[in-house]
Colleague: 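Attaching a single structure in C-alpha cells format; questions to follow.
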Amino acid sequence: MYSFSKKIISIGILLILILVVTFWLGRAHDVGQAALQAKRQVTQLNNYIDTELARFSAIPQLLTHNESLVNFLNGEQQHYSAINNYLADIQQASGASDVFVLDPQGAVAASSNWQTDYSFLGSNFAFRPYFKRAFAGETVAYFALGMRSEERGIYFSQAVYKQSQAIGVVVLKVNVNKFENDRKLLNTSQGSHFYLQLADEIIAMSDVEQWRLNSFTQLDITARRDIKSRRAYLDHQPKYIKQFQFSNEGITHFKIDKSLYVTAAMPLRYFNATMHVLVDISKINAAQVPRLFWAFFIYSLLIIIGYSLLTRFAGYKKLLYSRHSLELEVIERTQALEKVQSALVQSAKLATIGQLSAGINHEINQPLSAINTYLASAKRLLGKGNISALDESLTVIAGLVERVHKIVGQLKHFSKPSDMQLRPYPLAGLLNNALMISSAQLKQDNIHVDPPSFNENIIVWVDALKFEQVLVNLITNASQAMSNAAVRNLSFQVESFEERVKLSILDSGSGIEQHAFGNLFEPFYSTKSSNGLGLGLSISKQIIDSFNGCLSAHNRVEGGAEFIISLSNKQEGKHD
Ligand code: ADP
C-alpha cells in the first residue's frame, strides 16, 4: 500500500515537472514567435514610411529648380497668386499638408493654403530650425508642431538659390497622423502598437494617442531646456510615461500598465528617428492552457503505457527467476532423495544381511566342520598311504571351499553401494542366484521350494545385483510369512509376453494382512514386531520402478501371497 502511494506520488511529481517544462518551452516558443512578428512588422512599417518620406523629400528639391519660383523669390515676378496656386497644386498632388515658400527673412512669401482660414501668408518662421538650417545650406527633415494648426508634422526644407545666393526656402509639411492612419493599412495584429522615437527621446508618432509627444525616458533639465528653446513642440511639455523594459534571452520586453509586450526597433533611413513595434504577449500564459491539456493527456498516456510495459517486464523477470529457482529446488531435492534412496538401499542390504547372518553362519560353519573332518581323515589316509581315498577327500574339500567362497562372494555385493547398469540377463540365472543366497534361510525355516521350471532364454533388462537383492527380499518375506504355516511352499511362475516378462513369487503363508495393503510399499511399514525394518518392499519397488518395471502384490485365493514383478525384455530409452 505504502509503495503504491509512493509510486503514485512519484508519477504525479514527474507529470508536474513535465508539465512545467512543457509550459516554459511552449511559452519560450511563443515569445520567440512574437519577437519575430515584431521584427517583421517594424521592417514593414519602416519600409513604408521610408518610401513615403523619400517621395516627400524629393519635392522641395524639385521646386528649388522651378524657374517661376526662383524668379518670384528674386522679386522678378509679382503675380504671387500664380505661385500660390502652383504650390496648392503640388500639395494636392503629393498628399502633403502644406507647401510654402519663405523669403530670406523667414516670412511666408507664398503658400499652398493661401485661401484657407489658417493661411500662412503673413507669418514669419525665421526662428524655425527648418528655415535656419535650410537657408544655411542643409537639406532638412524636421519634426515639429505646426504653429497654427498645432498638428504634428515633418518639415522638409531646402534653400532656393540664384547665382549661388540663397534667396529663400521651400518647405513641405507632412502631417504625421497621415502615417498613423495609413499604418492601419499595414498587416499588423490587434495586439501590436508602434511608436516613432526622435533623437531627443520624444515620441513623434504612435497609434496610442497618450504616448504622442511624450517620452518613455525621464528627461533631465538640459534636455527639457533644449526642447523649450527649439520650440519644436511649442508650449507642450512632454510627460514621462512610466513603463518597465528588460531584456530576456536577447528579446526586449516592455511592460506598461498591466500589458506585457516584446519589442523590435529599427532606425528610419530618411529621418533621424527610430521606429519601435510592440507585440502583446500578455495573454501568452493563458494561451498555454490547451497545449498543457494535450501535453497532460499525451504524457499521462505515455506514462501509463510505459508503466504497464515495465510492470509486465518485471513480472516476466520474476517469473523467469521463480522458474529458475524452482528448477534449482527440484534438482536439489532430487539429489537429496537420491542420497536418501541410496542410504535406504544400503540399510536394506544390511538388514538383509542381518536376517541372513544366522543362516549364513550355519551355511559356512557346516562346510568348515566338514572340511575339518575331511582334513583329519586325509591326514590319516596319508599316513596309511591310501592315495586314491586321499584324492577323493581332497576333491570333497575343494568342493566345500568352493561353496564357502560362493556364499562369501555373494554377500560381498551387499556390503558396498553399486551403480545401476541395465543389461540383458537370463531370468532363470538371476532367480537361481537369489535362491542360493537365501537357501540357508529357506532350509532353516523348513521351506519347500518348487524348483523354477521355465525357459532359460527368457531375458530381462535389469541391474543383476539389485534385481537379486529384490528377489532375496521377496523370498525372505515369503519365508517369514510361512514360519507358522502348516504347509510351507515357495513357488515361482513366469509368463512371457511380446515386450514384457511377468515373474510371480508365490507362498503358502499367512497372506498379506488386510489393513497392510495401503501401506505395503511405504518405507518403514512393517507388521513384524521385532525383526522388521519395513524397508524391504519400498526399496524393492523403487528398484523395479528404476528398471521401468512394476511390483505389485495380492493374496492368493488358495491362501498365501503372490508378489508379481513385471519387467521389460527389451532395452528401453530411460536408463539412469
Ligand atoms: P519387513 O519385512 O521388514 O516388515 P517389508 O517392506 O519387506 O518390511 O514388508 C512390509 C510388510 O509387508 C511386512 O511387515 C508384512 O506385513 C507384509 N508382507 C511382505 N511380504 C509378505 C508376504 N509374503 N506375505 C504376507 N505379508 C507380507
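FYI, the numbering just counts along the sequence from 1. Read the numbers this way: they start at 1 and go in the same order the structure lists the ligands and their atoms. The basis for the numbers below is simple: all heavy atoms, side chains too, and nothing from hydrogens, waters or symmetry mates.
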Colleague: side-chain contact (heavy atoms from CB on, under 4.5 Å) with Pro452: which of Asn432, Leu427, Val494, Leu503?
Modeller: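 Exactly one pass, corresponding to Asn432.
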Colleague: Which is closest to atom 25 (C) of ligand 1 in terms of heavy atoms, Gly536, Gly511, Ser538, Ala553?
Modeller: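 Ranked by closest heavy atom to atom 25 (C) of ligand 1, first place is Gly511.
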Colleague: Go through the steps for His448 and Asn489 under the test side-chain hydrogen bond (donor to acceptor under 3.5 Å, both in side chains), then give the verdict.
Modeller: CA-CA 5 Å; His448 171 257; Asn489 207 9; 2.8 Å; yes
Colleague: Using a 4.0 Å cut-off to any heavy atom of Phe563, which atoms of ligand 1 qualify?
Modeller: 19 (C), 20 (N), 21 (C), 22 (C), 23 (N)
Colleague: Taking only heavy atoms of Leu520, which atoms of ligand 1 are found under 4.0 Å from at least one of them?
Modeller: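 Checking each atom against Leu520, I get 12 (O), 17 (C).
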Colleague: Check for me whether Ala516 has a heavy atom closer than 4.0 Å to any atom of ligand 1.
Modeller: no
Colleague: Which bit of Ser526 gets closer than 4.0 Å to ligand 1, counting heavy atoms only: side chain, backbone, both or neither?
Modeller: both
Colleague: Could you work out, with ring pair (Phe, Tyr, Trp, His ring centres under 6.0 Å) as the rule, every residue matching Phe467, not counting sequence neighbours?
Modeller: none
Colleague: For Thr274, what residues pass the side chain to side chain donor-acceptor pair (under 3.5 Å) criterion, not counting sequence neighbours?
Modeller: none
Colleague: Quick check on contacts: which atoms of ligand 1 are under 4.0 angstrom from a heavy atom of Ala478?
Modeller: 23 (N)
Colleague: Both conditions, 6.0 Å and 45 degrees, for the charged tip of Lys541 above the ring of Phe521: are they met here?
Modeller: yes
Colleague: With a heavy-atom distance limit of 4.0 Å, tell me whether Thr476 approaches ligand 1 through its side chain, its backbone, both, or neither.
Modeller: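 Contact part for Thr476 vs ligand 1: neither.
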Colleague: Indicate whether the side chain of Asn569 and that of Arg500 have a donor and an acceptor atom separated by less than 3.5 Å.
Modeller: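 On atom types as modelled, these side chains do not qualify, holding no pair under 3.5 Å.
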Colleague: For atom 20 (N) of ligand 1, tell me which residue out of Ile512, Ile539, Asn477 has the closest non-hydrogen atom.
Modeller: Asn477
Colleague: Checking side-chain polar atoms at under 3.5 Å, does Arg291 have a donor or acceptor matched by the opposite partner on Gln288?
Modeller: yes
Colleague: Would you check whether Lys528 has a nitrogen or oxygen atom less than 3.5 angstrom from a nitrogen or oxygen atom of ligand 1?
Modeller: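 Lys528 vs ligand 1: N/O contact under 3.5 Å present.
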